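Reviewing the structure listed below.
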Amino acid sequence: QVQLVESGGGLVQVGGSLRLSCAASGRTIGSSLMGWSRQAPGKEREIVATINWNGFRTYYSDYVKCRFTIAKDNAKNTVYLQMNSLKPEDTAVYYCALSKTLRDSNPNYDYWGQGTQVTVSS
């Protein structure tokens, strides 16, 4: 059974930084497409960053490009999202997701974490 457990969320001021972690179990992230998504109140969930199975291909939405960095540690089976220059509009619940594919992208994910709240205060 695949489980994804996010951590690292919290309250931060505008311009601050946070690093989210997603610890996976039940499947190696080295053979998976991993993504971070977020959902703000009243809005649809959106993918903000992805990293492919070998770590060579990453994707960022226009909203977070140049501010967020996705990375992974295969030895720890953990994916990270480093978030810098945070803005109030980054406030959302952030979810980790795993897709059982060797493709560089996939609109659908097979497993989701429970989410971690990120709140950016102005």
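Counting from 1, the numbers follow the sequence of the chain as shown. Because the structure is a prediction, the values reported are computed rather than measured.
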Any side-chain heavy atom of Leu20 sitting closer than 4.5 Å to one from Val118? yes

Is there side-chain contact between Thr119 and Val12, with heavy atoms separated by less than 4.5 Å? no

Output the distance between atom OG (Ser7) and atom CZ (Arg19), rounded to the nearest 0.5 Å. 9.0 Å

If I compare all heavy atoms of Ala75 with all of Asp73, which pair ends up nearest, and what's the gap? N-OD1, 3.0 Å

Looking at every heavy atom in both Ile51 and Thr58, which two are closest together, and how far apart are they? CG1-CG2, 3.9 Å

Leu86 with Tyr60, same ILVMFWY side-chain cluster at under 4.5 Å: yes

Would you call Asp90 and Lys87 a salt bridge, using N to O less than 4.0 angstrom? no

From Thr116 atom OG1 to Gln114 atom CD, the distance as rounded to the nearest 0.5 Å: 7.5 Å

Give me the atom names and distance for the closest heavy-atom approach of Ala40 to Ala92. N-CB, 3.8 Å

For the atom pair CD (Glu89) and OG1 (Thr91), what is the distance rounded to the nearest 0.5 Å? 8.5 Å

Please tell me whether Met34 and Tyr111 are part of a single hydrophobic cluster in this structure, the criterion being side-chain heavy atoms less than 4.5 Å apart. yes

Checking Gln117 side chain against Gly10 main chain: does a donor-acceptor pair fall under 3.5 Å? no

Identify the two heavy atoms, one from Gly8 and one from Leu18, that lie closest to each other, and give their separation to 0.1 Å. O-CD2, 3.8 Å

Check whether any side-chain heavy atom of Ser121 lies under 4.5 Å from a side-chain heavy atom of Leu11, and answer yes or no. yes

Closest approach of Ser99 and Asn106, non-hydrogen atoms and distance? OG-ND2, 2.8 Å

Should we say atom CD of Gln13 is surrounded by more than 12 heavy atoms from elsewhere, each under 6.0 Å from it? no

Test your reading of the model: is there a side-chain donor-acceptor pair from Thr50 to the backbone of Gly35, 3.5 Å cut-off? no

If hydrophobic clusters are built from ILVMFWY residues whose side chains come within less than 4.5 Å, do Val5 and Tyr109 share one? no

Using atom types as modelled and distance alone, determine if a side-chain donor or acceptor of Thr78 lies under 3.5 Å from a backbone N or O of Lys76. yes

Atom pair NZ/OG of Lys72 and Ser21 - distance to nearest 0.5 Å: 15.0 Å

Note, Leu98 side chain near Leu33 side chain (heavy atom, < 4.5 Å): no

Any chain of hydrophobic side-chain contacts (each under 4.5 Å) joining Ile29 to Tyr94? yes

Evaluate side-chain contact (heavy atoms from CB on, under 4.5 Å) for Glu44 paired with Gln39, printing each intermediate quantity in order. CA-CA 6 Å; Glu44 293 186 357; Gln39 187 167 22; 5.5 Å; no

Given 3.5 Å as the limit, does a donor-acceptor pair link the side chain of Asn52 with the main chain of Gly55, or not? yes

Positive for side-chain contact (heavy atoms from CB on, under 4.5 Å) with Val64, one of Glu46, Arg38, Met83: Arg38

So, does Gln3 use its side chain to make a donor-acceptor pair with the main chain of Ser25 at under 3.5 Å? no

Can Arg27 and Asp110 be counted as an ion pair, charged N to O under 4.0 angstrom? no

Using the rule that Ile, Leu, Val, Met, Phe, Trp and Tyr join whenever any side-chain heavy atoms are under 4.5 Å apart, tell me whether Phe68 and Tyr63 fall into a single cluster. yes

Measure up the Tyr95 and Trp112 rings against each other and bin them: parallel (under 30°), tilted (30 to 60°), perpendicular (over 60°). perpendicular

At their closest point, which heavy atom of Cys22 faces which heavy atom of Trp36, and how far apart are they? CB-CZ2, 3.6 Å

